Amino acid sequence: MSVNRVRGKTILAVALIVTATFTPVPVSAQVSRSPVAPRREQLETAVREAYTKFKSDTSGKNADYIPYLAQVDSKLFGIAVVTADNQVFTLGDVDYSFSVQSISKVFTLALAMEELGPDKVFMRIGSEPTGRAFNSVPAVVDMPTHTGNPFVNAGAIATTSLISGKDADEKWNKILAFYGRVAGEKLVLIEDVYKSEAATNTGNKALAMLLAKYERIYADPFESVDIYTKQCSVGVNATQLARMGATLANNGVNPATGEQVIKREDIPYILATMTMAGLYDSSGYWAWHVGLPAKSGVGGGIVAVAPGKGAIAVFAPRLDEAGNSVKAQKVIEYVANKLDFNLYSPSSVGLK
Ligand code: DON
């Protein structure tokens, strides 16, 4: 039997074993059909191929500086795609709730812009790559803005400090409720992740105090770190994360609920920030090879957004040196290339 036939049989067997679901959800009155969303068959084929190709990849390792994350089963692997017209395609461990971690930074940025407008957020946080690790202390010292951008820890803690509220609880509840509207369903804190991170986050407290020295944090530094730690500990599954991405892809309108959750004029700022710093100091590699705004978290999730088309979320806990899920990067790169999603490629808008 030829190698190809063996491979073909293996792929077929895996395809049959893996639980895959495709849900063409009826389009609500508010959600219009996207003229550019990929066709169901194309999407399904690309995602299945990627799942099979990368399923047994064991490179990278779980984050361990947050003790809880070291214990998460490294073999978990889920892929979810939600299109701008609310087609949903899922494969693998898509019901497992993992901590959103740094991907939360995208949505706190959205909420800060909702409250203050983009110009004030830009002035108070900045939007330049640091070229350093996401938790770098030297970056805070060296960057002219000190905060750097909303996605490194320092800039993210400062962004959280911008959220208004009479006390810490009110600010936290506002953030959590906002994430839920972006996801289209209520989200909850994973208490054990929060406790694990809160007991070990001395580095983030140091960053917050350093920002205070430069007058670049806008509420009590330790209160801001605590709310930030909670936002990072919010649980999402791959499907919820893909829907959060699809809300960005759909001009701020959640494709499942039809609600305009994020102002449409804020979307380009969010996607630009994701392009520039979504994968930290791997963002250059990512722009070169994939060409889609994306955001990673040390919990093992990555969400990538194809504007007007939809979003793909992948969860797989093993990370590379920069803190980005190895398998998630490979899957998204594969699917994005197959579906011609690269924003910098003329063929992404149909020019062949
Ligand atoms: O503050 C931290 O270090 C974590 N809560 C979040 C970092 C993170 O997710 C970086 N991502 N790749």
Side-chain angles (χ1 to χ4, degrees), residues 60-70 72 98-109 129-137 139-140 147-161 172 175-176 179 189-211 217 221-236 241 244 273-286 293-304 313-329 332:
K61 73 187 229 331
N62 285 33
D64 56 10
Y65 73 98
I66 299 170
Y68 179 101
L69 298 180
V72 172
F98 55 95
S99 54
V100 66
Q101 295 295 343
S102 279
I103 306 169
S104 67
K105 295 167 180 175
V106 174
F107 303 101
T108 300
L109 169 65
T130 65
R132 309 270 185 123
F134 60 83
N135 49 7
S136 168
V137 173
V140 177
T147 35
N149 66 65
F151 294 167
V152 288
N153 287 8
I157 295 164
T159 306
T160 300
S161 80
W172 157 239
I175 290 170
L176 183 63
Y179 291 1
L189 181 76
I190 307 177
E191 282 287 347
D192 288 345
V193 176
Y194 169 61
K195 283 191 197 132
S196 180
E197 185 162 348
T200 52
N201 63 357
T202 46
N204 283 339
K205 288 179 184 148
L207 292 174
M209 290 309 282
L210 199 52
L211 289 175
I217 190 157
F222 288 164
E223 176 195 278
S224 304
V225 170
D226 189 53
I227 299 171
Y228 162 85
T229 306
K230 284 185 174 149
Q231 77 176 47
C232 289
S233 308
V234 169
V236 286
L241 185 58
M244 294 175 93
T273 312
M274 290 169 80
T275 300
M276 187 274 305
L279 271 76
Y280 305 106
D281 39 345
S282 290
S283 300
Y285 171 96
W286 186 258
K295 186 73 202 82
S296 65
V298 288
I302 301 186
V303 61
V314 182
F315 166 59
R318 290 195 183 94
L319 311 180
D320 64 12
E321 289 295 313
N324 304 314
S325 166
V326 177
K327 263 201 308 227
Q329 290 178 80
I332 297 170

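Counting starts at 1 for both ligands and their atoms, following the listed order. These figures come from a predicted structure and were not determined experimentally.
Inter-residue side-chain proximity for Val137 and Leu210 is flagged as met; some heavy-atom pair is nearer than 4.5 Å. Residues Leu69 and Ser99 have side chains in contact (heavy-atom distance under 4.5 Å, counting atoms from C-beta outward).
At a 4.0 Å heavy-atom cut-off, the residues surrounding ligand 1 are Tyr65, Gln101, Ser102, Phe134, Asn153, Glu197, Asn204, Tyr228, Cys232, Tyr280, Ser296, Gly297, Val298, Gly323, listed by chain and number.
Not one N or O on the side chain of Thr108 forms a donor-acceptor pair closer than 3.5 Å with the backbone of Lys105.
With a 6.0 Å cutoff to the six-membered ring centre and a 45° limit on the axis angle, Lys295 counts as a cation-pi contact of Phe151.
The aromatic rings of Phe315 and Phe98 lie parallel to each other, their planes meeting at an angle below 30°, with 60° marking the opposite boundary.
When all heavy atoms of Ser282 and Ala322 are compared, the closest pair comes out as OG-CB, 3.5 Å.
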